[in-house]
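Here is how names work: the chains are called A, B, and so on, in the same order as the sequence lines, proteins then strands, and each is numbered from 1.
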Amino acid sequence: YPLDRAAKDEDDSMNLVQRYLENYYNLEKDVKLFVRRKDSAPVVKKIQEMQRFLGLEVTGKLDSDTLEVIRKPRCGIPDVGH
Amino acid sequence: FSTFPGMPKWRKTHLTYRIVNYTLDLPRDAIDSAIEKALTVWEKVTPLTFSRINEGVADIMIIFAVREHGDFSPFDGPGNVLAHAYAPGSGIDGDVHFDDDEKWTKDTSGINLFLVAAHELGHSLGLQHSTNSEALMYPVYNKFTDLARFHLSQDDVNGIQSLYGPPTA
């Protein structure tokens with residue numbers, strides 16, 4: 001049971017990150033963040049872009065600091081204009 | 001700081017605003033006061049002035065809404081997105097929308113209406129998000145802001161004055 005719970009929490013976090021990158025950093029909706037891909041470069045690039053904008057350490061990884069900022073309330077205007 | 005693509009800005013210095021509806025989270029006078037205070041933040045550092053109208057179409061129409069609310073940019077329920085606003089222009093442009101699924105408060109026990117209004121009105125006047133985490137135009141809500149000592153950062157001032165210049169003497 002705890003293992004299932006942890007897996008669900010992780011899924012929820014991943015969905016949140018996916019939506020965050022789509023909404024604010026123009027991650028293409030057909031790029032699935034959490035399917036193992038041969039080429040993870042577009043996703044890593046978007047995570048780096050987000051970390052750079054938010055003044056976080058630019059690692060390209062979803063570390064705890066990055067996830068913490070993603071969970072904070074924010075304005076709905078995208079950071080990257082169309 | 002940054003501005004919207006094409007640097008849209010108001011071509012007049014006197015703007016009207018209208019509070020079209022109210023959240024039930026706060027008394028009406030508290031909402032009126034938060035919006036007025038948020039406008040004053042920008043009024044102090046620009047030649048812009050604002051006056052309120054209660055009927056008709058204002059330059060800046062302010063609404064509280066939930067989920068889909070007619071602009072194809074639905075709110076997302078409690079948390080995450082708090083509000084959004086449109087760059088200067090006619091029609092929906094310049095307008096401010098607050099997500100009424102948030103708990104709006106006068107203090108920081110919930111989401112402080114003044115802080116979010118001041119940020120959104122920055123968009124209404126032409127500022128995009130800043131990458132400076134000290135700036136009002138940084139896109140992440142900071143519940144630790146000292147409301148009693150609130151002031152715009154130099155980054156916000158530089159941004160808005162790049163569009164409108166300093167206040168007239």
Which bit of B/Glu102 is near chain A, if near means a heavy-atom gap under 4.5 Å: side chain, backbone, both or neither?
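Interface part for B/Glu102: neither.
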How far does [atom1] of [X] sit from [atom2] of [Y], to the nearest 0.5 angstrom?
{"X": "A/Leu54", "Y": "A/Glu49", "atom1": "CG", "atom2": "CD", "result": "10.5 Å"}
{"X": "A/Gln18", "Y": "A/Ile70", "atom1": "CD", "atom2": "CD1", "result": "11.0 Å"}
{"X": "B/Phe4", "Y": "B/Gln128", "atom1": "CZ", "atom2": "CD", "result": "4.5 Å"}

Name all pairs fulfilling the ring pair (Phe, Tyr, Trp, His ring centres under 6.0 Å) condition that reach into residues 132-169 of chain B, sequence neighbours left out, sorted by first residue then second.
B/Phe114-B/Phe150
Among residues two or more places apart or on two chains, list those pairs meeting ring pair (Phe, Tyr, Trp, His ring centres under 6.0 Å) that have a residue in residues 6-28 of chain B.
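Found none.
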Residues of residues 83-96 of chain B near chain A, each having a heavy atom less than 4.5 Å away:
B/Ala83, B/His84, B/Ala85
Residues of residues 57-82 of chain B with a heavy atom under 4.5 Å from any heavy atom of chain A, in residue-number order, are B/Asn80, B/Val81, B/Leu82
Give me the one residue out of B/Lys37, B/Arg52, B/Arg18 that meets salt bridge (charged side-chain N to carboxylate O under 4.0 Å, His left out) with B/Asp32.
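Per the salt bridge (charged side-chain N to carboxylate O under 4.0 Å, His left out) rule, the option paired with B/Asp32 is B/Arg52, out of B/Lys37, B/Arg52, B/Arg18.
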Using modelled atom types and a 3.5 Å cut-off, is there a donor and acceptor pairing between side-chain atoms of [X] and backbone atoms of [Y]?
{"X": "A/Gln51", "Y": "A/Thr59", "result": "yes"}
{"X": "B/Lys9", "Y": "B/Leu163", "result": "yes"}
{"X": "B/Lys106", "Y": "B/Ala30", "result": "no"}

Distance only, no hydrogens: is a donor on one side chain within 3.5 Å (strictly under) of an acceptor on the other, for B/Ser130 and B/Asn132?
no
Heavy-atom pairs under 4.5 Å with chain B, option from A/Arg74, A/Arg19, A/Lys72, A/Arg52 with the top count
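Option with the greatest count: A/Arg74.
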Among B/Ile111, B/Thr131, B/Val116, which residue forms the greatest number of heavy-atom pairs with chain A at distances under 4.5 Å?
B/Thr131
